[in-house]
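Below you will find the structure I want to go over with you.
Just follow the structure's listing: the first ligand is 1, and inside any ligand the first atom is 1. Everything numeric here is computed off the predicted structure, so don't read it as measured data. Positions are given from 1 along the sequence.
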Amino acid sequence: MLPFARLTIIGLGLIGSSVARAVRAQMPSVRIIGHDADPVVRARSVALGIYDDVTDTAGASVIDADLVILCVPVGAMGSVAAEFAADLPADAIVSDVGSCKQSVVDALTAVLPTATIIPAHPVAGTEKSGPDAGFSTLFKGRWCILTPPEHAPEAAVERLRSFWQQLGADVEIMDARHHDMVLAVTSHLPHLIAYTIVGTADDLEGVTQSEVIKYSAGGFRDFTRIAASDPVMWRDVFLSNKDAVLEMLQRFSEDLSVLQRAIRYDKGDELEALFARTRNIRRSIVEQGQDDDAPDFGRKH
Ligand code: NAP
């Protein structure tokens, strides 16, 4: 059974267009209306032919929606909701795909105080952005975390759970603050580290840029994939999940100092024990189907 019949997607980039493509593939009779602030993205979205209609305003896109999913950067969620608030049907469910959740639920609740808001975060993506970067299988076998506010209607949560399951995702329910802490360590901190390492290498005076690129297979290039992620999206993630990221960064700095001491004082046993522990984490990720077991991420040699 279809959980929703009339879907509106606002923000037609990587995630928004992937949701649209996945719905087209899995629930072809659902009517999909799209809106994006960028006229170039709107024109491209029309040309891609995934949407039943692409509207010039956010208000026009929601007029008879039963589910509205906001796929814009987290810092834009509140202002987008304000644009369509007057046109939102009273029984529509409003959701999103933002990478942090407490700031989004706060922003949406402030602007849509009477709406049913069920935030969501599909833990799936790539370093690409824009309407051509999306694909219909992005959510298959990936987790989608729902963070319903305490008094959210159970039936609405179940409809959204069914929606994401039909797109191939496994659904987990979590408190918004807990989500932000978990994602700070599994996603936000790794991005911050990648941005730092790639920036540091770029700043080094004794090593030329051509050497950095030439010898990147030594590990550096794996960081560059993450560090190529969308600058606006990630600016918003760090500013919106400030507390959890700063807490994780503090712990990371302390752990880094421990490693620094181990290297300085030749404590090989300490280094080896940590590296053995981290290798096991990689094994568990592969065993749980969250990554491929191919050596070197399956690159051709
Ligand atoms: P994206 O490819 O850059 O797409 C975002 C789209 O939203 C862009 O076309 C952008 O237009 C548009 N937009 C920005 N502000 C808007 C506004 N006020 N009204 C209407 N449209 C607006 O980004 P994305 O990777 O799909 O990310 C979208 C959301 O998904 C973010 O909240 C992000 O945290 C979340 N997310 C991302 C990933 C990932 O791996 N990328 C994974 C999970 C969740 P412009 O061209 O004008 O910027």
> Does anything in residues 114-130 pair up under salt bridge (Lys or Arg N to Asp or Glu O under 4.0 Å), and if so which pairs, sequence neighbours excluded?
Replying inline: Glu127-Arg225
> Which residues pass the side chain to side chain contact (heavy atoms under 4.5 Å, CB included) test with Thr208, sequence neighbours left out?
Replying inline: Ser210, Glu211
> Other hydrophobic cluster members with Val258, side-chain heavy atoms of Ile/Leu/Val/Met/Phe/Trp/Tyr under 4.5 Å, chained?
Replying inline: none
>> Can a donor-acceptor pair be found, under 3.5 Å and without considering hydrogens, that links the side chain of Lys101 to the backbone of Asp180?
In response: no
> Which one of Val97, Leu167, Leu138, Val171 satisfies the side-chain contact (heavy atoms from CB on, under 4.5 Å) criterion with Pro122?
Replying inline: Val97
>> Angle between ring planes, Trp234 versus His191, binned at 30° and 60°: parallel, tilted or perpendicular?
In response: parallel
Between the protein and ligand 1, which nitrogen or oxygen pairs come in under 3.5 Å, and how far apart is each?
{"from": "ligand 1", "atom 1": "2 (O)", "to": "Leu14", "atom 2": "N", "distance (Å)": "2.8"}
{"from": "ligand 1", "atom 1": "2 (O)", "to": "Gly130", "atom 2": "N", "distance (Å)": "2.8"}
{"from": "ligand 1", "atom 1": "9 (O)", "to": "Asp36", "atom 2": "OD1", "distance (Å)": "3.3"}
{"from": "ligand 1", "atom 1": "9 (O)", "to": "Asp36", "atom 2": "OD2", "distance (Å)": "2.7"}
{"from": "ligand 1", "atom 1": "11 (O)", "to": "Asp36", "atom 2": "OD1", "distance (Å)": "3.2"}
{"from": "ligand 1", "atom 1": "21 (N)", "to": "Ala37", "atom 2": "N", "distance (Å)": "3.1"}
{"from": "ligand 1", "atom 1": "26 (O)", "to": "Leu14", "atom 2": "N", "distance (Å)": "3.3"}
{"from": "ligand 1", "atom 1": "26 (O)", "to": "Ile15", "atom 2": "N", "distance (Å)": "2.8"}
{"from": "ligand 1", "atom 1": "32 (O)", "to": "Val72", "atom 2": "O", "distance (Å)": "2.7"}
{"from": "ligand 1", "atom 1": "34 (O)", "to": "Ser99", "atom 2": "N", "distance (Å)": "3.2"}
{"from": "ligand 1", "atom 1": "34 (O)", "to": "Ser99", "atom 2": "OG", "distance (Å)": "2.6"}
{"from": "ligand 1", "atom 1": "36 (N)", "to": "Ser99", "atom 2": "OG", "distance (Å)": "3.4"}
{"from": "ligand 1", "atom 1": "46 (O)", "to": "Asp38", "atom 2": "OD2", "distance (Å)": "3.1"}

